[in-house]
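Quick note on labels: first sequence line is chain A, next is B, and so on, each numbered from 1.
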Protein chains: 2
Amino acid sequence: MEEKSISAAVIKRLPRYYRYLSDLQSENVERISSDELSKRMGVTASQIRQDLNNFGGFGQQGYGYNVEYLRTEIGKILGLDKVHNMVIIGGGNLGRALAGYANFESRGFVVKGIFDSNPELVGTKIRDIKIMSMGVLETFLKENDVAIVALAIPRGDAVSVAKKLYDCGIRAIWNFAHVDLDLPSDAFVENVHLSESLMQLSYRLNSHK
Amino acid sequence: MEEKSISAAVIKRLPRYYRYLSDLQSENVERISSDELSKRMGVTASQIRQDLNNFGGFGQQGYGYNVEYLRTEIGKILGLDKVHNMVIIGGGNLGRALAGYANFESRGFVVKGIFDSNPELVGTKIRDIKIMSMGVLETFLKENDVAIVALAIPRGDAVSVAKKLYDCGIRAIWNFAHVDLDLPSDAFVENVHLSESLMQLSYRLNSHK
DNA sequence: TAGATTGTTAATCGATTAACAATC
DNA sequence: TAGATTGTTAATCGATTAACAATC
């Protein structure tokens, strides 16, 4: 549906713009130039203008950008003006942490349910959200208009659960399992591979002494 | 100390190579060509050879790469042959989850202690690791040869705690707070901004319908 | 040796930065 | 109007891919 597709590099920077604009707004800054913003963020003004102009002209020559307006527009681009129903699979510590994150850090992501295959966890609650058995997942997904599923389970189970999710119509998976899910191309998978992130830190520690 | 510095794009791919090689090894695959590996991983063989040759020639013409040897070498590059003492700041759900991850998923990262400013948490234990008060952090860091600190605290406190850590000699921070830490250039910060990752998923969901 | 596959150079592609005309 | 700053085109830089000679 897009005229020309936006590069992954640009999309990755959008949430950071959104964060800086939110901060500026809470500092009651009304307008900002790409030059000022570039100094705050440590990127080039050129990059900011190029990035934004992928989506339209949000600024005004001689004035800069209106902070509130630009923040709202980037929010719309990121889909933050809509509510996204979520489900978390895996009721361990990571699942618990995600339940908190998704619900509080950015509104618009609503955790509808948590699922776990461990019968001992089923029936308990995490912050008012009850943990359900994997057996009722399929029905739940269909009845609750779930858009995003966070996968916080061991890698051994992740591939088969992901396939099942795809078959249930889920097209967005936030994947915390250390495995590549490899779903059809109309599915979106956002990987958060914590151990790989830690290894990058260890690489730098290792190579700079 | 490096002759020419390795690009961030290459470093980011190393842990994934390591993961695939570990999988191959547990499948008892002895050797693999860049072409075979490229098919498995969904990248070009050219990229694999280019990436590896940043660090030396690990293969052999006409044969390919020895899986065990290459895995070991990449492990060394990533510093996985060494033990890294870690400390986690923040004993909430995320801190708990990280304690598990770091200790179990990849050996070599040893969680020595967890710190929290909440007096109610101090004294309790997470998987044999006791939660300590922030007051004893500085002494603990010095006495325990801590190399990496995971910051799993609210963004409001993160900047000042990070500065303190830097002053205590910590040069590697695994940052989960939604803020840019902005430390001197000899410090390594690896950011894991979960809400920004979630926003990228929401962007794609939003823009493709 | 012949075949396979690397290591590496050269070509291409894409992303970032610089420059500047348009315009508020 | 003059000054400021965008939107956008052009130049540069870096990363990826292709090609192939070296060599096991």
Student: State which residue, out of A/L21, A/L37, A/L52, A/L24, fulfils the side chain to side chain contact (heavy atoms under 4.5 Å, CB included) condition with A/Y65.
Tutor: A/L52
Student: Less than 4.0 angstrom from a charged side-chain N to a carboxylate O is my criterion; do A/E36 and A/K39 meet it?
Tutor: no
Student: What is the ring orientation for A/F55 with B/Y203, classed by angle as parallel under 30°, tilted 30 to 60°, or perpendicular over 60°?
Tutor: perpendicular
Student: Output the rounded distance in Å from CG (B/L37) to C1' (C/dT6).
Tutor: 14 Å
Student: Test side-chain hydrogen bond (donor to acceptor under 3.5 Å, both in side chains) on A/N93 and B/N93 and set out the steps.
Tutor: CA-CA 6 Å; A/N93 283 316; B/N93 283 317; over 6 Å; no
Student: Are side-chain heavy atoms of A/L198 and B/H84 found at a separation under 4.5 Å?
Tutor: no
Student: Between A/Y69 and A/F58, how do the two ring planes meet: parallel, tilted or perpendicular, split at 30° and 60°?
Tutor: perpendicular
Student: Quick test: give all pairs of protein nitrogen or oxygen and nucleotides 21-24 of chain C nitrogen or oxygen below 3.5 Å, distance rounded to 0.1 Å.
Tutor:
| residue | atom | partner | partner atom | Å |
| --- | --- | --- | --- | --- |
| C/dC24 | O3' | A/Q60 | OE1 | 3.3 |
| C/dC24 | O2 | A/Q61 | O | 3.3 |

Student: Starting at atom CD of B/Q47, determine the distance to atom C1' of C/dT8, rounded to an integer number of angstrom.
Tutor: 16 Å
Student: Using a cut-off of less than 4.0 Å, is there contact between a side-chain N or O of B/R49 and OP1 or OP2 of C/dG7?
Tutor: no
Student: Counting heavy atoms from C-beta on, name the nucleotide in C/dT16, D/dT17, C/dC20 closest to the side chain of B/Q50.
Tutor: D/dT17
Student: Using whole Å, report how far CD1 of A/I32 lies from C1' of D/dA4.
Tutor: 15 Å
Student: What is the separation between atom CG on A/L70 and atom C1' on D/dT5, rounded to the nearest whole Å?
Tutor: 14 Å
Student: Verify the contact: side-chain N or O of A/Y65 to OP1 or OP2 of D/dA4, cut-off strictly under 4.0 Å; return yes or no.
Tutor: no
Student: Counting a pair only when it is Watson-Crick or G-U and both distances are under 3.5 Å, which runs of at least 3 such pairs involve DNA chain D?
Tutor: C:3-24 with D:3-24
Student: Any side-chain N or O of B/S34 below 4.0 angstrom from OP1/OP2 of C/dT5?
Tutor: no
Student: What is the separation between atom CE on B/M41 and atom P on D/dT17, rounded to the nearest whole Å?
Tutor: 13 Å
Student: Figure out the CZ/P separation between A/F55 and D/dT6, and round it to whole Å.
Tutor: 18 Å
Student: What I want to check is whether an N or O donor and acceptor connect the side chain of B/S46 with the base of D/dA18 at under 3.5 Å.
Tutor: yes
Student: For A/D35 and for B/R13, find the nucleotide of DNA chain D with the closest heavy atom, then tell me which residue's nucleotide is more 5'.
Tutor: A/D35
Student: Rounding to a whole Å, what distance do you find between A/L52:CG and D/dG7:C1'?
Tutor: 11 Å
Student: In plain terms, say whether A/R16 and A/D51 are close enough for a salt bridge, that is, a side-chain N and a carboxylate O under 4.0 Å apart.
Tutor: no
Student: Check every strand shown and say whether B/S33 touches a base, only sugar-phosphate, or nothing at a heavy-atom separation below 4.0 Å.
Tutor: sugar-phosphate
Student: Starting at CZ of A/F58 and ending at P of D/dT6, how long is that distance when rounded to a whole Å?
Tutor: 14 Å
Student: Between atom CG of B/N206 and atom CG of A/D81, what is the distance when rounded to the nearest 0.5 Å?
Tutor: 6.5 Å
Student: I'd like to know if A/R19 pairs up with A/D23 as an ion pair, taking the criterion as any Lys NZ or Arg NE/NH1/NH2 lying under 4.0 Å from an Asp or Glu carboxylate oxygen.
Tutor: no
Student: Ignoring hydrogens and angles, tell me if any N or O in the side chain of B/N175 forms a donor-acceptor pair with the backbone of B/L181 under 3.5 Å.
Tutor: no
Student: Closer than 4.0 Å, any side-chain N/O of A/R31 to the OP1 or OP2 of D/dT5?
Tutor: yes
